[in-house]
There are 2 protein chains.
Amino acid sequence: MDNDQVLFAKALADETRQEIMKHLCCVWLSVSDVVEKLDGRVNQPTVSHHLKKLEEAGLVYVREEGRFRYYSLNQKQLTMCCGLLVRQFAPDYAETVIPAEAIGVVKR
Amino acid sequence: MDNDQVLFAKALADETRQEIMKHLCCVWLSVSDVVEKLDGRVNQPTVSHHLKKLEEAGLVYVREEGRFRYYSLNQKQLTMCCGLLVRQFAPDYAETVIPAEAIGVVKR
DNA sequence: CTATTATATCGATATTTATCGATTTGTCAA
DNA sequence: TTGACAAATCGATAAATATCGATATAATAG
């Protein structure tokens, strides 16, 4: 029903979910780890719900380990989605915001 | 209540609104122009509602002219928001997706 | 085996939001 | 000045979604 762009935006369109994303950036956390990070503000079923949304949008990696499920932010997916948004809605800037390796960036 | 990142994501988190954004990219349209572009699928109050959301997120320019209000997509704002998202949630890619002029891009 | 622990799912509820018809406000044309 | 038009706002409604407690499922520890 929703296309990928909309799915991506919806995944980001919640304060709590963005906070979870921050916690999942560069590290692997289990569901209960995330619950803990949120400091009792939301509880486990809610966190599972949010993680599912992020998973559906391809924004997290998941690793199963016994009865644990570890999540980590998929930075590449996020970057690609942002890139698509810019190409679609900001063509005048698509050339200045560049997937660097695609054109061979050289810093001066 | 919502911070800017969330406000931005929410503005994009609707199919109809993204379609409106497409129509507003690089051109100025009045409200009734937009209604027309949407081909009778949504009507005027709904379009006004969506345009208000986009305006609140700073994603459109507005120009008043008599009884008309013309809207156009703010590509710069969109690009900056995407850039912030990448910096915040994809630090490993913040260097590869670059505001080119900031570092002096050279194409090969 | 049994108790415990981790997480997903279910059902219910409350909030948010998209949509519309009707109305209001403001501008212009005749 | 009046009638027509553009667009915002209002009130109502329906759909989507965030949240929770309770339960189910599955894996482990004892």
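Each chain gets a letter, A, B and so on, in the order the sequences are listed, and its residues count up from 1.
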Check whether any side-chain nitrogen or oxygen of [X] sits under 4.0 Å from OP1 or OP2 of [N], and answer yes or no.
X	N	value
A/Y71	C/dA8	yes
B/S48	D/dA8	yes
B/R69	D/dA8	yes
B/K52	D/dT9	yes

*Determine, for A/K37 against A/E19, whether the closest basic-nitrogen to carboxylate-oxygen distance falls under 4.0 angstrom.*
no
*Would A/K53 and A/E55 pass as an ion pair if we require N to O under 4.0 Å?*
no
*Which parts of nucleotides 24-30 of chain C does protein reach within less than 4.0 Å, heavy atoms only, written one letter per nucleotide 5' to 3' as B for base, S for sugar-phosphate only and - for none?*
---BS--
*Mark up nucleotides 10-21 of chain C, 5' to 3', with B wherever a protein heavy atom is under 4.0 angstrom from a base atom, S wherever such an atom reaches only the sugar-phosphate, and - elsewhere.*
-------SSBBB
For the pair made of [atom1] in [X] and [atom2] in [N], what is the distance, rounded to whole Å?
X	N	atom1	atom2	value
A/F68	C/dA6	CZ	P	5 Å
B/Y70	D/dA6	OH	P	10 Å
B/I20	D/dA7	CD1	P	13 Å
A/E15	D/dT19	CD	C1'	15 Å
A/L51	C/dA6	CG	P	15 Å
B/E55	D/dA8	CD	C1'	11 Å

Can you tell me if [X] uses its side chain to pair, donor with acceptor, with the backbone of [Y] under 3.5 Å?
X	Y	answer
B/R17	B/A11	yes
B/S72	B/V27	yes
A/E64	A/R69	no
B/T79	B/Q75	yes
B/D39	B/R41	no
A/Q77	A/L59	no

*asked:* Nearest 0.5 angstrom please: A/D92 CG to B/K76 NZ, how far?
replied: 12.0 Å
_Can you identify which nucleotide, out of C/dA8, D/dA6, C/dA6, has its nearest atom closest to the A/S32 side chain?_
C/dA6
